[in-house]
Amino acid sequence: MAAMIVDRKDEKIIHLIRPDVQTMQASHVPPGRGMIKLDARENPYAWPAYLRGEWLEEMQGVAMNRYPDPESTDLKARLRQVFNIPHGMELMLGNGSDELIQIISLAMRGAGRKVLAAVPTFARFKMISAYAGMEFVGVPLDKKDFGLDMAAMLAAIEQHQPAVTYLASPNNPTGNTYSQKEIGQLLDSTHGLVVVDESYFGFSGESMMSQLEQHDNLLVMRSLSKMGLAGLRLGYLVGSPRWINQIDNLRLPYNINVLTQFTAEFALNYYDVFEEQIEQVRRDRIWVAESIRRIKGVEVFPSETNFIMFRVAPGRGNEIDATLKQKGILLRNLGDDSPLLRDCLRVTIGKPSENVAFISALTSSV
Ligand SMILES: *Cc1c(COP(=O)(O)O)cnc(C)c1O
């Protein structure tokens, strides 16, 4: 009897849930309890005690019974100030840049509309294109230095006429930045939007923000996640009001809750604290890269982010990843993500003691 009910429910599911959705799998986050967690590109540093105290104190004034300001007016003003958003450009906020990618896709979807990106890159671009029912075109990066393969990109843009092109610069998981000249060429070659994802701008110092005036089809997307507020979920999108106001029509009015608005604004008043943490991570990145480079048989790739990608001996990626896990160190294994990333692993820069533990474990595992 029970089985019959289940069967009937399944029939309904099969009938009603979109067929493409039925074949999807929710993304899996490995459990990190008790591990040295260097897999998720997080800032390893907690807030200093004085900041935490002041934050808790001030949070008592937050009106939890009221709806949030749908325009996040005060927070936007703070963001404009701290990140030098050009005058005349519009700003839109998302529950993480995840949500911004989702809203862009919803705004652009339509028969035959495609999304293009240089791959391997942030998996969410492809995933969210699928959610929106848009075809995703991945153009492989140059396999030597993971730079843009400009001939292939231009040909793909010509062939597919993408509605949106995503360029993460610096790119995840490769860690490198694309040249502004090449991004400019792509902007000039497409009739679609180009979203430059600058999630790691704090670590690279490079930005297309100053190019917004010259390119009407450019949007710059950033996130506060990598600077140290991953738990807060706040991303922002900057571009011409002509574009942003259209895309903003699809944003749910209360997508940025009162705690996020309050906390992000509070944190940005102390941006220097986060800048110091970013500087520390940049310094430690040099040490980690040098230490990996000294290990025989391991190739390390240049990074302008808070992580480093490296390649171990052919065929040994999975085994070394498993050994490190046994030793309590969690990395991201990239080997199955792309043919370009065979035997590649990605390590996030942690606290100095975590970095030392990682280097020691890797040295004895290769
Ligand atoms: C981490 C990351 C993001 C950030 O996403 P959030 O949803 O804001 O946490 C976006 N793009 C890239 C390339 C990333 O690596």
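- Gln261 and Asp74 are not linked by any side-chain donor-acceptor pair at a separation below 3.5 angstrom, with hydrogens and angles left out of the test.
- A 6.0 Å sphere centred on CD of Gln161 holds more than 12 heavy atoms belonging to other residues, nucleotides or ligands.
- When all heavy atoms are compared, the tightest approach of Asp98 to Ile128 is O-CD1, 3.5 Å.
- Between the side chains of Ser72 and Asp69, no donor N or O sits under 3.5 Å from an acceptor N or O.
- Note on Tyr50 and Trp47: same hydrophobic cluster, where clusters join Ile, Leu, Val, Met, Phe, Trp and Tyr whose side-chain heavy atoms are under 4.5 Å apart, directly or indirectly.
- Note on Met92 and Tyr236: separate hydrophobic clusters, where clusters join Ile, Leu, Val, Met, Phe, Trp and Tyr whose side-chain heavy atoms are under 4.5 Å apart, directly or indirectly.
- For the pair Arg346 and Phe310, the NZ or CZ position fails the cation-pi test of under 6.0 Å to the six-membered ring centre and within 45 degrees of the ring normal.
- Listed for the Asp343 side chain is no donor-acceptor partner under 3.5 Å among the backbone atoms of Gly335.
- Counting non-hydrogen atoms of other residues, nucleotides and ligands closer than 6.0 Å to CD of Glu158 gives a total of 12 or fewer.
- Using a 4.5 Å cut-off on side-chain heavy atoms (C-beta onward), Leu106 and Tyr131 make no contact.
- At a threshold of 4.0 Å, the pair Lys37-Asp39 counts as salt-bridged, since one of the basic side-chain nitrogens sits closer than that to a carboxylate oxygen.
- In the model, Glu304 has a side-chain atom that pairs as donor or acceptor with a side-chain atom of Thr177 under 3.5 Å.
- Between Glu58 and Phe262, the closest side-chain pair of non-hydrogen atoms falls below 4.5 Å.
- Put simply, the side chain of Asn245 gets close to the backbone of Pro241: a donor and an acceptor are under 3.5 Å apart.
- Hydrophobic clustering (side-chain heavy atoms under 4.5 Å, transitive across Ile, Leu, Val, Met, Phe, Trp, Tyr) keeps Val137 apart from Ile101.
- When each of Lys327, Arg316, Gln326, Glu319 is paired with Ser365, the side-chain hydrogen bond (donor to acceptor under 3.5 Å, both in side chains) condition holds for Lys327 and for no other.
- The hydrophobic cluster containing Leu154 does not contain Val164, counting ILVMFWY residues as joined when their side-chain heavy atoms lie under 4.5 angstrom apart, directly or transitively.
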Residue pair Glu265, Arg78: steps toward the salt bridge (Lys or Arg N to Asp or Glu O under 4.0 Å) verdict: CA-CA 7 Å; Glu265 204 189 331; Arg78 199 83 199 98; 5.8 Å; no
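- Across Ile157 and Leu116, no two heavy atoms sit closer than the pair N-CD1, 4.2 Å.
- Hydrophobic clustering (side-chain heavy atoms under 4.5 Å, transitive across Ile, Leu, Val, Met, Phe, Trp, Tyr) keeps Leu38 apart from Leu330.
- Looking at heavy atoms from C-beta onward, Leu362 lies in side-chain contact with Ile320 at the 4.5 angstrom threshold.
- Residues Phe307 and Pro173 come closest through the heavy atom pair CE1-O, 3.2 Å.
- Between Glu354 and Lys351, no side-chain nitrogen of the basic residue sits less than 4.0 Å from a carboxylate oxygen of the acidic one, so the salt-bridge criterion is not met.
- Using cut-offs of 30° and 60° for the angle between ring planes, the Phe83 and Phe201 rings count as perpendicular.
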